[in-house]
Each structure stands twice: as structure tokens, then as C-alpha cells.
Student: 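My questions will all concern the structure given below.
No experiment lies behind these values; they were computed from the predicted model shown. Below, chain A is the first sequence line, B the second, and so on; all start at residue 1.
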There are 4 protein chains.
Amino acid sequence: MSPRTENQYEQIRENRKHQIMHVALELFAEKGYSTTSINAIASRAGISKGLMYNYFSSKEALLREIVHSGMAELMDVFDPNKDNFLTDEEFVFFINESFRIVQDRKYFWKLYFALLAQPAVLNVFDNRLRDTVLPLIRIMTDYFRRKGFTDPESEALLFGALMDGVALNYLYDPEHFPVEKIKKVIIERFG
Amino acid sequence: MSPRTENQYEQIRENRKHQIMHVALELFAEKGYSTTSINAIASRAGISKGLMYNYFSSKEALLREIVHSGMAELMDVFDPNKDNFLTDEEFVFFINESFRIVQDRKYFWKLYFALLAQPAVLNVFDNRLRDTVLPLIRIMTDYFRRKGFTDPESEALLFGALMDGVALNYLYDPEHFPVEKIKKVIIERFG
Amino acid sequence: MSPRTENQYEQIRENRKHQIMHVALELFAEKGYSTTSINAIASRAGISKGLMYNYFSSKEALLREIVHSGMAELMDVFDPNKDNFLTDEEFVFFINESFRIVQDRKYFWKLYFALLAQPAVLNVFDNRLRDTVLPLIRIMTDYFRRKGFTDPESEALLFGALMDGVALNYLYDPEHFPVEKIKKVIIERFG
Amino acid sequence: MSPRTENQYEQIRENRKHQIMHVALELFAEKGYSTTSINAIASRAGISKGLMYNYFSSKEALLREIVHSGMAELMDVFDPNKDNFLTDEEFVFFINESFRIVQDRKYFWKLYFALLAQPAVLNVFDNRLRDTVLPLIRIMTDYFRRKGFTDPESEALLFGALMDGVALNYLYDPEHFPVEKIKKVIIERFG
DNA sequence: CATGAATGAGTCTTCATTCAT
DNA sequence: TATGAATGAAGACTCATTCAT
């Protein structure tokens, strides 16, 4: 009789929104942003095309929200308020964490690399990307400096590139990429 | 005003084809495959849309030919008929070569990563990719085995991943990626 | 906390209805009927989309009711029960009244002309329009006949057209249209 | 075998463009701009939807080109290079011309009034409208001044409004509007 | 060999309307 | 009575591909 409460509506919206973002992330990661149609998203989410636009003003807005929410989660994980100091133990922990994050959120990372590899299409990352990565690079630089390397910054950048490459190989050819072994080798080599 | 010889026609066709592929590679790399229209390709190549279809049966066929020709060139460079043996000197040479190749053919590699990151869209690489990479991995495995590593295969895979990551960073953020320094560090660390 | 009486409910409904019609008239006049969305109306009226349909069965029904109510008001003003006789004094009064009506209800007249200029879309006026205008034309015809014109009916039609044109110019380019002066000239010329 | 000549293509384009504009003008005038779908235009023109966009970049661009081309024609007719002087004879000629123009291009004028009555939607006329009308008003002002009127400018504006109103009545209710008689009355009254 | 007009399926998006609550 | 989530049909626009010339 009476309309739903504010709270009920809030709940419905929250759920739907997550559902749409979830489904869209999967499709964007699998088939690419421009190859994924709103139709496909709506149909996999089991809703009508029109409803999508009740939650996101456009396909691009949907993508942006997915990316930003993913990035936000990420920043939470790589807690930036930890002191700039990385012990050997923490370094190992950091590597483990990184692997876990990629493994836990494969879809997000696939989308990440797909978008990265096509910057002219949609600059979705703004400065957020560098803002996230830079502190990490700095911490790693410090770490390698303390380890006595002559060019710790390049060392850090190399390490970053290595992690990118590992993620790439893991995501796109997991069958031929023995993650655990690789992790071990990394720790031996860089830890 | 005598009619052109068979050969001259052949020559014209060949040139046109290369021209189209060249232009298309640039556009695909910059803007992505699905975002690049036949119109854009034809217009940048200075020919008519219709003519495109005289040389390539479809947009996808064009892409495939670009990729395959690029892969073929690649295999030529990493000459597979060299013995499976990699001296320290040759290792350094190999790294230098790898860097040169990426730097020389940026467009191809951008397209490569973009396609890699979206396998569901177009499986352009068939088995060609593994066929190219596997021998390299084997050679590297041998190399690392001789160096005395306990898990030389993972070491080789890691090295491959590293090179991927380095290429990625170089291609998509060249300004913040000091290639030469990185190269040096790689040689020190892995050579 | 006693329940509202029938009458109070009736009152509320009436108010809501007026409010919706008022807001819709403004929007239709400003942006056009088909360009105005139900959403826009509801939101400017501060109610929900659904409630709109509680008062009007459709967008078109809303438009019709707006137009008809406007026309009804109009007929009240140009009281048809006055005798068919128009003295010189009454003629001046009639002109003044006409100007006042247009100035007082700009939105309605804008909508009126917009709808008039697009009869194929929505024939909202049915016969009502002619029913309203015809008596006026007759009265004017009589007036001009008494003034001794040879073709009083055409004279009356011309006068009607003139008033239309004046309204049009006033409504859509008020800055460049000196209404008061124009009114004076009309009275001089036709009075 | 060989492609069409430049000229042939030019010819084809010219024809198609006119055809589309012609059909679109009719529909816009009859049903209104926003109520007329590209589908309707294409289908009445006997072409595919897509082809429309080969000639006009958007629906709005199509409208603009129709309006501008109509305005251009108009300016040709009301030749602006005539001296600013209007004899009695010329005045009569001017009125006749005006009637002829409206009668000859009913669709254009219907569209004109429909757009005028909905300025917020699309400001298609820019300044073109005033640029066209202002010189006419000036000429009329001079004319009425020479005739000895005390407020010749208002007289001219009134005359303009009258012509608008006449056009309106003629276009939207031709059956009840005896143009020829009206014309006669205008000449008598204002000539 | 070469052109570009033409097609039509498919894309994103909007919006009047319905309905469970 | 009142809400706004949900639908679905329709709209503007794009683009790979075909084909007469």
C-alpha cells in the first residue's frame, strides 16, 4: 500500500548496482569494453536494457565506476599509511599479498591490462594509476637502497615491471604459468 | 603507354597491401581494433573503402595478416636454427636484441599486448604464439640450468614475464621508464 | 489525528492536479510537448512519476486537460452571452482585453501557437477552437459592417489575423515589440 | 569497369541530397521536428536509414540545412539591393510577392512557424531571421513615414505582425481563409 | 584496378507507462 | 495515496560489407 521506505529503496539500488557492475566487469574483462554491448550486460544480469540507465548514465560511466571502485579497493589493501619502511619479512608479505590480490580479482586485473593496453580509447585511469603506483615504487626504492644496490630506483621499476609481467602471464595463460614456483623464485631473487 | 607487365601489377598490389597493413597497424595499435573503422583505415591510406576489400576479405582478415606477418618477422629475428646453446655473451646480445625489437616496432607490440589482453574477442594468435615463445623458454631454461639454478624452468618463465612487463611499461609509459638503466640492471641481475 | 474528510481529500487532489497542470504548461510552452518528459514534469512538480498517472491517464491526457481548461477560461472572458453588438467603446475595451489576456497567460498562448503550428501531431483543439473564434468573428463582422466597409467579413478575418500576428510577435520577441504603441496604432486604425 | 567520374558522383549526391531535404521538409512541417523519425524520412525517401547519414551528419544538421537553404532562397526573392524606396506601386507588388511566396512554399513556412513557436528546442535561426526581417521593417517604416503617419515604425511592425498572422491563418486553416479577398483588403487599408 | 553510394544489422540511449510495495 | 524500480518499444546513429559503374 504505502511506498517502500527510503531504506528499502536504498537496499534495492545498492544490490542492483553491484550486480550490474559485477556482471559488466566480467564481460568487459572477457570480451573487451567496446565489444561488450549493453544488451549483453543487461541480459546476463537478467534485467532490461533500460534499467541499466537507471543506475549508470552511460556505458562509459559504468566502466569508470567499475574501475574506480576497483582502484579504491586496491588502495585499501596496499595500506598507504604504513611507514615507508619495508623489512625483509614485510617484503615477502608484500609479494604474497600482490599475488593474492591478482588471484582474487582476476576479472578486475584483466580489465586493467586491457584498458592499459589501449590508452587512446578511454583514459579511465586519470592520475589515479600513478598516484597508486608511485608510493609503492618509492617504498621499493628505499628497500633496494638499504639492500645496497647501486641503482635502487631502476631496481624498483624493474621489480614493478616484473610483477606486471607475472600478472599478465598468470592471467592470460594460467595453465602454463606455475604461480607458486614463480613466487618462490621471486622471493629468492629479490627478497 | 604500353600496358604494364604482370610484374608491375604484382608490384603495385604488393605495395598497396603493405601500405594498408602499415596504416591499419598504426590505427589498431593507437585506438584499438574494434574502435578503428574501415573508413579510417582507407582514408588514412588514401584509398577507397572498396579497394580495401580487394586486398583483404574482411577487417578481421586484415588484422590476422598484420599479426601473422609481424610474428613471421619476429621468428626471423630470433633465429630458431641457432643451436640451443646460449653463452653469456649471447645472453647479453639476446637481451639487447629484445629491447631493440620492441623499440623498433612499437606499434606491433602495442597491438600485440592489446590483443593478448582480450583473448575472447579474437584469437588471432592460434598456436603461433606458443610456437614462437616455447623454443625461447627452452633456450633460457638451458641457460639457467648451466648457471646452476635449482629451478631453471621457473627461472626462464620468470625471465619471460619480466621481459613482458618491461615491454609493457616501456610501451605505455615511456617517459617514466628509463629503458637503458633497466636494461643494465637486467643484464647484471640475470646475465 | 482524525482522518481527513472526503472534502479535504478532494481538496488535496484538486490542488495536486492544478499544480501538475501548471508545471506541465510551463514546460510544454518552453520546451515543447514531445521534448518534455514525464520525469521533468514530475520532478519540477515535486512528486513521483507514478503519482502523475494517478491524476492523468497519459501524457496526452494531461496536455488535453491543460488546453481545454485554458480554452474554458478564455470563453469565460470573452463572454459569449453579451449581445452581438459592439460599440466603439466596447471595441476598444475588447482590444485591451485581448492584449491583457495574452500578457497574463503567456505560457498558455505559447503552447497554443506551438500546437496550432503542428496540427498533425495532436489535434488537441477539436472543434473547440472554431467554436470559440467564430462568434468573435461574427461580432467583428457586424462591427465593421456598421462602420460601412464593403467586405466586412474579410475585414473581420483580417483583424483576427492581425491579432494572431501581434500575439506571435509579442510572445516570441517581446524585446523588439513595443506592445503599447502597437495597441495604440491598432485602435487608431481599426477603432 | 572504371569508377564513375567525379561529375557523376557529384550529380548523384546533389540529387539525393535534394530528395532527402525535400521529403524531410514535408515531414517536419506536417508532424514536427521531434516527432519525425529518421526512419520515416528514409522510408518516405525510399532509401535506407544509413544513407541519410552519408548526406547529413545528424537529424539536426538536416534541419539546419533545410532552414538555411529556405532562408537563402527567401533573401534572393526579397532582393536587398533594391533602393530603400518603396513607391505605392512597389508596395502593392511587395504584398503580392509576399502572398505568392507563402503560397508557393507552404511546407517551408509551416516549418518556420513551428520552429518559431518553440525557440527553446532548437535555435535554428541564429541571427539570420532578424537580419532578413530588419531591412524589410526599415523599408516599410520609410514607406509609412512618407505616407505621413505619426508613428511609422510601429506602423511597420504592425504591418509585419499582420503579415505573420495572415500567413498563419492561411497555412493552418486555408479553407476558412479567403486569401484573395484578404489581400485586397490589406492593399486598401495599407497601400 | 578503383570508386564511393547504398544497405542493414547492430549500438547506445530515452521515455511513457506499469506495478509491487 | 504515493513511490520509484522496472520494462520495452522506439529513436538516433555507426559501420562492415556489397555492388554498379
Student: Consider the side chain of D/S37, meaning its heavy atoms from C-beta on, and name the nucleotide among E/dC15, F/dA20, F/dA12 that approaches it most closely.
Tutor: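 Nearest to the side-chain atoms of D/S37, counting from C-beta on, is F/dA12.
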Student: Of all the heavy-atom pairs spanning A/N123 and A/R64, show the shortest one and how long it is.
Tutor: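 Answer, listing the atom of A/N123 first, then A/R64: O-NH1, 3.6 Å.
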Student: In whole Å, I'd like the distance from the CD1 atom of C/I38 to the P atom of E/dA16.
Tutor: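 That distance rounds to 5 Å.
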Student: Given that A/Y53 and B/M52 both sit by DNA chain E, which one's nearest nucleotide is further toward the 5' end?
Tutor: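 With A/Y53 and B/M52 compared, the 5'-side residue is B/M52.
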Student: Of the nucleotides E/dT14, F/dA2, F/dG4, which has the atom closest to the C/N54 side chain?
Tutor: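 That would be F/dA2.
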Student: For A/Y33, is the NZ or CZ atom of A/K59 found under 6.0 angstrom from the centre of its six-membered ring and inside 45 degrees of the ring axis?
Tutor: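 Yes.
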Student: Not counting sequence neighbours, which residues clear side chain to side chain donor-acceptor pair (under 3.5 Å) with B/K106? List them please.
Tutor: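 If we apply the side chain to side chain donor-acceptor pair (under 3.5 Å) test to B/K106, skipping adjacent residues, the hits are B/Y170.
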Student: Identify, with sequence neighbours excluded, every residue that meets side-chain contact (heavy atoms from CB on, under 4.5 Å) alongside A/Q8.
Tutor: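 A/R4, A/T5.
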Student: Roughly how many Å is it from CG in A/N39 to C1' in F/dA10, rounded to a whole number?
Tutor: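 Result: 14 Å.
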Student: For a quick check of understanding: with a heavy-atom distance under 4.0 Å over all strands, which category does B/T36 fall into, base, sugar-phosphate or nothing?
Tutor: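 The answer is sugar-phosphate, as B/T36 gets under 4.0 Å only of primed atoms, P, OP1 or OP2.
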Student: Not counting sequence neighbours, which residues clear ring-ring contact (aromatic ring centres under 6.0 Å, His included) with B/F125? List them please.
Tutor: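 Applying ring-ring contact (aromatic ring centres under 6.0 Å, His included) to B/F125 gives B/Y112.
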Student: Give, ordered by number, those residues of residues 7-28 of chain D having at least one heavy-atom distance below 4.0 Å to an atom of DNA chain F; if nothing qualifies, reply none.
Tutor: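 Hits under 4.0 Å, by residue number: none.
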Student: Taking the side chain of B/L51 as heavy atoms from C-beta outward, which of E/dA2, F/dA20, F/dC15 is closest to it?
Tutor: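 Of all the options, the side chain of B/L51 is nearest to E/dA2.
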Student: Could you check how far CZ of D/R4 sits from C1' of F/dT21, rounded to whole Å?
Tutor: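 Atom CZ in D/R4 sits about 5 Å away from atom C1' in F/dT21.
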Student: Please report the interatomic distance CG(B/L111) to CG(B/L27), rounded to the nearest 0.5 Å.
Tutor: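 Interatomic distance, B/L111 CG to B/L27 CG, rounded to 0.5 Å: 11.0 Å.
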Student: Under the side-chain contact (heavy atoms from CB on, under 4.5 Å) rule, what do B/L25 and B/F28 come out as? Steps first, then yes or no, please.
Tutor: CA-CA 5 Å; B/L25 170 56; B/F28 288 163; 5.5 Å; no
Student: Taking DNA chain E as the partner, which of residues 56-66 of chain A come within under 4.0 angstrom of it by heavy atom?
Tutor: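 When residues 56-66 of chain A is checked for heavy atoms under 4.0 Å from DNA chain E, the hits, listed by number, are A/S58, A/K59.
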Student: Any pair with a residue in residues 11-20 of chain B that passes salt bridge (Lys or Arg N to Asp or Glu O under 4.0 Å), sequence neighbours left out, goes on the list, sorted by first then second residue, please.
Tutor: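 Applying salt bridge (Lys or Arg N to Asp or Glu O under 4.0 Å) to every pair that reaches into residues 11-20 of chain B, excluding sequence neighbours, yields B/K17-B/E65.
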Student: For B/K110, does its backbone N or O pair with a side-chain atom of B/Y172 as donor and acceptor, under 3.5 Å?
Tutor: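 Side chain of B/Y172 to backbone of B/K110, a donor-acceptor pair under 3.5 Å: yes, one is there.
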Student: Please convert DNA chain E into dot-bracket. A pair counts if it is Watson-Crick or G-U wobble with both distances under 3.5 Å; crossing pairs go in [ ] and bases paired with another strand get |.
Tutor: .||||||||||||||||||||
Student: Identify, residue by residue, the members of residues 41-48 of chain D with a heavy atom below 4.0 Å from DNA chain E, and return them in order of residue number, or none.
Tutor: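 Only D/I47, D/S48 qualify.
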Student: Report the residues that fulfil side chain to side chain donor-acceptor pair (under 3.5 Å) with A/E73, sequence neighbours left out, ordered by chain and then residue number.
Tutor: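 For A/E73, the residues satisfying side chain to side chain donor-acceptor pair (under 3.5 Å) (neighbours in sequence not counted) are A/R105.
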Student: For the pair made of NZ in C/K49 and P in F/dT7, what is the distance, rounded to whole Å?
Tutor: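 Rounding to the nearest Å, NZ of C/K49 and P of F/dT7 are 13 Å apart.
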Student: Please report the shortest heavy-atom distance between C/F56 and C/I20, naming the atom on each side.
Tutor: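 Closest approach of C/F56 to C/I20, heavy atoms only: CE1-CG2, 3.7 Å.
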Student: Which residues pass the side-chain contact (heavy atoms from CB on, under 4.5 Å) test with D/S58, sequence neighbours left out?
Tutor: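 In terms of side-chain contact (heavy atoms from CB on, under 4.5 Å), with neighbours along the sequence ignored, D/S58 is linked to D/E60, D/A61.
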Student: Using a 3.5 Å distance criterion without hydrogens, assess whether the side chain of B/T36 forms a donor-acceptor pair with backbone atoms of B/K31.
Tutor: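 Answer holds: no.
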Student: Just list the side-chain donor-acceptor pairs under 3.5 Å for residues 38-47 of chain A, sequence neighbours left out, or say none.
Tutor:
from: A/R44; atom 1: NH1; to: A/E26; atom 2: OE1; distance (Å): 2.8
from: A/R44; atom 1: NH2; to: A/E30; atom 2: OE1; distance (Å): 3.4

